[in-house]
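Count residues from 1 along the sequence.
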Amino acid sequence: MPVKVNCLGSMFSIFFTDQKEIINLTDVSKCDFKVFAEYFNYLLERGIYLSPSGEDTSFLSIAHSSKDIKYTSKIIIEFLTKKYLNKNK
């Protein structure tokens, strides 16, 4: 699955790429922003609000309940499954 997640503390970024690691802006610029747009819209349609840029970072905070985190995780896994594992279905 061509996905890379970088995180530090409560910050995280998801990159759609086959690259082994993302460490700088040059690496980010090689990511698939078309897939990021699909991901962003998929989440937005389900009530999850992220920055619309594939170059930005997302944050968890104490404002996010356990229910919020479980729901968001479920929707992200759903997107990735539909995009990469169920291509022929």
Practice prompt. Could you grab the distance from atom OH of Tyr39 to atom CD1 of Ile48, nearest 0.5 Å is fine?
Written response: 8.0 Å
Worksheet item: How far does OG of Ser58 sit from OH of Tyr49, to the nearest 0.5 angstrom?
Response: 14.5 Å
Worksheet entry | Phe59: hydrophobic cluster co-members (side-chain, 4.5 Å) | Leu8, Met11
Worksheet item: What distance separates Ile14 CD1 from Ile22 CD1, expressed to the nearest 0.5 Å?
Response: 11.5 Å
Discussion item. Any side-chain to backbone donor/acceptor pair from Asp27 onto Gln19? Under 3.5 Å, distance only.
Written reply: no
Fill in: Worked verdict on Phe15 versus Val3 for side chain to side chain contact (heavy atoms under 4.5 Å, CB included)
CA-CA 6 Å; Phe15 301 101; Val3 177; over 6 Å; no
Worksheet item: Parallel under 30°, tilted from 30 to 60°, perpendicular over 60°: which one fits the rings of Tyr84 and Phe16?
Response: parallel
Worksheet item: Salt bridge between Lys83 and Glu38, side-chain N to carboxylate O under 4.0 Å?
Response: yes
Worksheet, complete the sentence: Heavy-atom nearest pair, Ala63 first then Asp68, reads O-OD2, 3.8 Å
Practice prompt. Flag the pair Phe33 / Val28 as yes when at least one side-chain heavy-atom distance between them is below 4.5 Å, and no otherwise.
Written response: yes
Discussion item. For a side chain to side chain contact (heavy atoms under 4.5 Å, CB included) check, start with the C-alpha distance between Met1 and Leu85, then their side-chain angles and the critical distance, and finish with the verdict.
Written reply: CA-CA 8 Å; Met1 189 176 300; Leu85 301 179; 4.1 Å; yes
Practice prompt. Flag the pair Phe12 / Leu60 as yes when at least one side-chain heavy-atom distance between them is below 4.5 Å, and no otherwise.
Written response: yes
Fill in: Least distance between heavy atoms, Lys20 atom then Lys4 atom
O-CE, 3.8 Å
Worksheet item: In terms of hydrophobic clustering (I, L, V, M, F, W, Y; side-chain heavy atoms under 4.5 Å; direct or indirect links), are Val5 and Ile23 co-clustered?
Response: no
Worksheet item: Would you say Lys70 and Lys74 make side-chain contact, with heavy atoms under 4.5 Å?
Response: no
Discussion item. Distance check, rounded to the nearest 0.5 Å: Thr17 atom OG1 versus Asp32 atom CG?
Written reply: 8.5 Å
Fill in: Value rounded to 0.5 Å, distance of CG in Leu50 from CG in Asn41
10.5 Å
Discussion item. Is there a continuous path of hydrophobic side-chain contacts, each under 4.5 Å between heavy atoms, that joins Ile75 to Ile69?
Written reply: no
Worksheet, complete the sentence: Value for CZ (Phe40) from OG (Ser53), rounded to nearest 0.5 Å, stands at 10.0 Å
Discussion item. I want to check something: taking the side chain as every heavy atom from C-beta on, are Thr57 and Ser13 in contact at a cut-off of under 4.5 Å?
Written reply: yes
Worksheet, complete the sentence: Residue set satisfying side chain to side chain donor-acceptor pair (under 3.5 Å) with Glu55, at least two apart, ordered chain then number -> none
